[in-house]
Amino acid sequence: MRQRSSWDEYFMDIARQVASRATCDRKHVGALLVRDRTILSTGYNGSIRALPHCDEVGHMMENGHCVATVHAEANAIIQAAKNGVRIDAATMYTSASPCWSCFKLIANAGCIRIVYGEFYRDHRIFDVASQLGIELVGPGPQAEASNQKDAADRANVRLETIPGS
């Protein structure tokens, strides 16, 4: 008998598929906002609308990061706003943990949960998520998991295993 995917696995698989649309070849990230098991919006990292893509014209680098793109999480929030979709109390699924700027957007948008597929770069999200009551759900045991777990333990947040992460 086939075992069904959990809802977190299902939505993370979709976030990874959304990432396949990303147009910055340095990192492909996909995100979606979900409430009541319904997808509210999606986003992937890519250039500002109507501008050329990084993977076509090159990158705008600052401090080792491409800053030409709008991040996946921000694009998911923007798409919801553009279409008049309420995202308060939603869960953000993202293939990589949000950077500090995107985390702030997610928090202010009223999201109550963030599920991410891999740790990206900013441990501040653990402490602040704990202070705000935002649940963070990260990947299971992987090479970077020990650093995540240490930070998560300090912030007293829950980490769950998401198979395939």
Checklist outcome for this item: Residues His53 and Ser47: closest non-hydrogen pair is CA-OG, 3.3 Å
Next on the checklist: Does any part of the side chain of Leu136, heavy atoms only, come nearer than 4.5 Å to the side chain of Ile125, both counted from C-beta?
Outcome noted: yes
Checklist entry - Would you say Ser41's side chain and Gln79's backbone share a donor-acceptor pair under 3.5 angstrom? => result no
Item to check | Spacing of Tyr44 atom OH and Thr42 atom OG1 [to the nearest 0.5 Å] | outcome: 8.0 Å
Checklist outcome for this item: Rounded to the nearest 0.5 angstrom, the CG-CE distance for Leu51 and Met60 is 8.5 Å
Item to check | Thr38 side chain vs Asp36 backbone, donor-acceptor pair below 3.5 Å | outcome: yes
Item to check | side-chain contact (heavy atoms from CB on, under 4.5 Å) between Cys99 and His71, worked out | outcome: CA-CA 9 Å; Cys99 69; His71 287 190; 3.4 Å; yes
Item to check | Stepwise side-chain hydrogen bond (donor to acceptor under 3.5 Å, both in side chains) test for Arg121 and His65 | outcome: CA-CA 11 Å; Arg121 71 175 182 216; His65 299 282; 2.5 Å; yes
Next on the checklist: So does Gly30 get a backbone contact from the side chain of Ser95, meaning a donor-acceptor N/O pair under 3.5 Å?
Outcome noted: yes
Checklist outcome for this item: Distance col, row Leu40:CG vs Thr91:OG1, nearest 0.5 angstrom, shows 9.5 Å
Item to check | Chi angles and distances behind the side-chain contact (heavy atoms from CB on, under 4.5 Å) call for Tyr120, Val29 | outcome: CA-CA 10 Å; Tyr120 179 45; Val29 179; over 6 Å; no
Next on the checklist: Looking at Glu62, I'd like to know if its CD atom is crowded, meaning that more than 12 non-hydrogen atoms belonging to other residues, nucleotides or ligands lie closer than 6.0 Å.
Outcome noted: no
Next on the checklist: Would the distance check show the side chain of Asn45 and the main-chain N or O of Lys27 forming a donor-acceptor pair, the cut-off being under 3.5 Å?
Outcome noted: yes
Next on the checklist: Quick one: does any side-chain atom of Thr94 pair with a main-chain N or O of Ala96 as donor and acceptor, under 3.5 Å?
Outcome noted: yes
Item to check | Carboxylate-amine/guanidinium proximity below 4.0 Å for Glu9 and Arg4 | outcome: no
Checklist entry - Any side-chain heavy-atom pair from Arg86 and Arg35 closer than 4.5 angstrom? => result yes
Checklist entry - Checking side-chain contact (heavy atoms from CB on, under 4.5 Å) for the pair Arg113/Tyr93: CA distance, chi angles, key distance, verdict? => result CA-CA 9 Å; Arg113 190 166 182 257; Tyr93 288 87; 3.5 Å; yes
Checklist entry - Between the side chain of Asp122 and the main-chain N/O of Arg124, is any donor-acceptor distance below 3.5 Å? => result yes
Checklist entry - Where do Met92 and Ile87 land on the side-chain contact (heavy atoms from CB on, under 4.5 Å) test, with the steps shown first? => result CA-CA 9 Å; Met92 172 71 76; Ile87 60 173; over 6 Å; no
Item to check | From CD1 (Ile77) to CD1 (Ile106), nearest 0.5 Å | outcome: 5.5 Å
